[in-house]
Amino acid sequence: MTRRRKIYEGKAKVLFEGPEPGTLVQYFKDDATAFNNEKKGVITGKGVLNNRISEYLMLRLAEVGIPTHFVRRLNMREQLVKEVEIVPVEVVVRNIAAGSICKRFNIEEGTPLPRSIVEYYYKNDELGDPLISEEHITAFGWAAPPEIDDMLSLSLRINDFLTGLFLGIGLRLIDFKLEYGRLYDENEQMRIVLADEITPDGCRLWDVETNEKMDKDRFRRDMGGVAEAYQEVARRLGITPESGQQDIKGPSTIQ
Ligand code: UDP
């Protein structure tokens, strides 16, 4: 295989130049980080599973009209995506209190929130991704008001859809993080599309019956069984790599 130009290397993925202009190849690593890079490790097989999980979820979201950067999966660890200009804002949607919101407001983990809460964080590792408001986003020019509107309404639609999808396979979607990008069409018209990934690296997923954590919190808290949890999410979605070419058979609903 010819060597491709590396565009960017992040904590869990590498972006390479794509085969055609306007495309990138997104490579999923096994590396894991937490607590703003203080904790580092490797979750063997995570990249393969996350590539499949994100492919599956992006395709399902596209079916319900969510614009995404995803084009197609290329192989075990790589997917072709459209090149976008990443908005430097992480959008977090929360349904049940967990993680940073518990500390911030002294809420017990697992408390259902009165309604889904959307938060914005400035995507900046040096600053540790600080919590920001719409005022900061517009004042500092990170996104324009109509772009914030698009990100907010898309995030709530994504939350509704994914909450139902995961509930159907016995998982509660506690919270998750999304990233968006600007995609320019032939007429230089811009639209906001879902970018990055949707995987257990950036979601909290708890088993409906046992409340067992099936996400990166297992790594953050040294709980063990991290790779197994990601594998189980993929299995319930019906997309484990072992199931071969017919692997995108969809979730099997449990009673
Ligand atoms: N999250 C993420 N990347 C970040 C920060 C948060 O993917 O840089 C996800 C995290 O996995 C969780 C949600 O966003 O599903 C909310 O995270 P929280 O603010 O509670 O922070 P954490 O406890 O993960 O530090």
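Every number for a ligand or one of its atoms is a count from 1 in the order of the listing. The first residue in the sequence is number 1, and the count goes up from there.
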Cation-pi geometry met for R77 and F28 (6.0 Å, 45°): no
Sorted by chain and number, the residues that approach ligand 1 to under 4.0 Å with a heavy atom: E90, V92, R94, A98, G99, S100, Y121, D129, D175, F176, K177, D201, G202, C203, R204, R220
N-O pairing of K11 and D201 below 4.0 Å: no
Distance-only side-chain donor-acceptor flag, E232 / Y230, under 3.5 Å: no
ring-ring contact (aromatic ring centres under 6.0 Å, His included) contacts touching residues 136-186 (sequence neighbours left out): Y122-W142, F140-W142
Ring-face cation of K39 near F219 (centre distance under 6.0 Å, axis angle within 45°): yes
Exercise: do T44 and D30 side chains pair donor with acceptor under 3.5 Å: no
